[in-house]
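First comes the structure, then the notes that go with it.
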Protein chains: 2
Amino acid sequence: MAIFDVKTTGQVREPIARGAPLRAPCGACTVRHLTLCAALEPHELAEISAIVSSVELARGDPLFDEGEPAQHLFNVTSGAVKVYKLLADGRRQMTGFLFPGDFLGLANEETYAYSAEAVTHTVLCRFPRRKLERLLERYPKMEHRLLGMVSHELAVAQEQMLLLGRKTAREKIASFLLMLSRRSVQRGQNGNPVVVPMSRNDIGDYLGLTTETVSRTFTQLKQGGSISLLPGGKVEMADRARLEDIAEGL
Amino acid sequence: MAIFDVKTTGQVREPIARGAPLRAPCGACTVRHLTLCAALEPHELAEISAIVSSVELARGDPLFDEGEPAQHLFNVTSGAVKVYKLLADGRRQMTGFLFPGDFLGLANEETYAYSAEAVTHTVLCRFPRRKLERLLERYPKMEHRLLGMVSHELAVAQEQMLLLGRKTAREKIASFLLMLSRRSVQRGQNGNPVVVPMSRNDIGDYLGLTTETVSRTFTQLKQGGSISLLPGGKVEMADRARLEDIAEGL
DNA sequence: GTCACGCATTGATTTGCATCAATTTGCGAT
DNA sequence: ATCGCAAATTGATGCAAATCAATGCGTGAC
């Protein structure tokens, strides 16, 4: 019961679009070509708008937990979300960080396969899953776009397996910074310096490292002249070409 | 030019279905509910049959390499295939092992995102990508099924990230054996003992370990009474419940 | 302004896995 | 059966990253 859990924390705002269809269901939907609602026909947009609502989370608020019934799909409007899986003893693996334009909650099974939590203050669009599925049946083009998005996510996941299984700490951190930068540019923001909104611990759980190793590796890259650490969680990539070489193991 | 490379090695047989539509494009297509061609209408099957051909590979033969133009999709009919990504210095990460019923070659970009190679003697169905895409446009139900398959693969990939980033060597091997067993059962085969057709080195590259650690961990599990190693690359899971506990980190 | 808490950083030590180097086993070819 | 090669196993050693242990710093609460 993801939605009720969230409501308990007082973070869910009531639907913004109830009865009054918006031009677009949310501000993010036209940001990236991969986004589900981009380039829809007016009547399709209207139908989407009729089922969408808005969710707002504070830093650290849970969105849903692994194993909960998967009742909604979400689209990040602003902020950042982390998704992760846990082992019984608490070991955690981040499977992704999501930014404006990204989707989450797509589940093949009836339950979510991972947990999701806000990294910063975050706003999301929320689509009831059943209703969205009925919509997708009638608009194959939307499903086609969804297939493209999931295929892309799969390719990203495979790249991440290469990182987790075979890259060194140094290579992992370099890859991570470049990834953040690229995605930042995709959203039309500045790619350098890049904002790193998540904690060292979160980064460690994403890259399969400990907090300490993450911290030390940042320091090491700084001392090597590849990056500099700016206040406000920003990282300046002083030598991007070098970072790219490091990331590829050269 | 995947197909011509393969042809050079003399492994590609000419299309089996040219001009003479089959009942089903390949023996595997009805094996699993996730498979693309399962439960198709007769006229859909006929159209699929018209574009499919067959490929046969010997152990170790490449199917395609990362970066090649993605001209075909493949469906494993018999045997086993490994897919992997490489770093510049040769470090390798297996991203999956594929068995009868599994798909590979789905590419969002114009090129393959990974390389594929036969683990054992293998037969595959081959679908020209462009033609299949045109077919999918006309049959949204097939695309819907494809979406389900890719979503499932994504969930598997995320599970693998948890394994790579946070599990110990022992937990990785236990998880791996259980996964092989489950998939073996899905294909209607015996799940215990389970056939392990790939080398220790391949397993290491799948789990982010070295050959030696894989070997030692097998020995350790054997001595602990969880498994026994049988001739012919078979592994008997003597204490499956224990293996499951180990896999979950209990 | 200062207090306190969470987070980042740094240092010392341990450990698990990789690496390197033999040696053995398994298996197909003859 | 025996040869010959590839794969698996085993042992010795080294190193990268984890773990353990303080200490420093910045931000928000009051």
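By convention in this document, chain letters (A, B, ...) are assigned in the order of the sequence lines, proteins followed by strands, and residues within each chain are numbered from 1.
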(message) The criterion is salt bridge (Lys or Arg N to Asp or Glu O under 4.0 Å); which residues satisfy it with A:R59, sequence neighbours excluded?
(response) none
(request) Just say parallel, tilted or perpendicular for the rings of B:F64 and B:Y114, cut-offs at 30° and 60°. (result) tilted
(message) Expected output is a numbered-order residue list: members of residues 213-226 of chain A with a heavy atom under 4.0 Å from any atom of DNA chain D. What is it?
(response) A:T213, A:R216
(request) Please list, by residue number, the residues of residues 193-203 of chain B whose heavy atoms come closer than 4.0 Å to an atom of DNA chain D; answer none if no residue qualifies. (result) B:S199, B:R200
(message) Working to the nearest 0.5 angstrom, can you tell me the gap between B:I227 CD1 and B:L221 CG?
(response) 5.0 Å
(request) For B:R200, check salt bridge (Lys or Arg N to Asp or Glu O under 4.0 Å) against everything at least two apart and list the hits. (result) none
(request) Answer yes or no on whether A:R92 is positioned over the face of A:Y84, meaning its NZ or CZ is under 6.0 Å from the six-membered ring centre and within 45° of the axis. (result) yes
(request) May I ask you to decide whether A:R183 forms a salt bridge with A:D102, counting only side-chain N to carboxylate O separations under 4.0 Å? (result) yes
(message) I need the NZ-P distance between B:K167 and D:dA18, as an integer number of Å.
(response) 18 Å
(request) In whole angstrom, give the distance that lies between atom CG of B:D89 and atom P of C:dT19. (result) 10 Å
(message) For a quick test of reading the model: is some side-chain N or O of A:T210 closer than 4.0 Å to OP1 or OP2 of D:dA18?
(response) yes
(request) Quickly work out the A:L209 CG to C:dA8 P distance and round it to whole Å. (result) 14 Å
(message) Rounded to whole Å, please give me the gap between CD in A:E171 and C1' in D:dA16.
(response) 12 Å
(request) Using atom CD of A:E212 as one end and atom P of C:dT10 as the other, report the distance to the nearest whole Å. (result) 13 Å
(request) Under the salt bridge (Lys or Arg N to Asp or Glu O under 4.0 Å) rule, collect the residues that match up with A:E236, sequence neighbours excluded. (result) none
(request) In whole angstrom, give the distance that lies between atom CD1 of A:I173 and atom P of C:dA8. (result) 12 Å
(request) Mind running a 4.0 Å heavy-atom check of residues 228-235 of chain B against DNA chain D and sending the residues that fall below it, in number order? (result) none
(message) Please report the distance, rounded to the nearest Å, between CZ in B:R166 and C1' in D:dT19.
(response) 13 Å
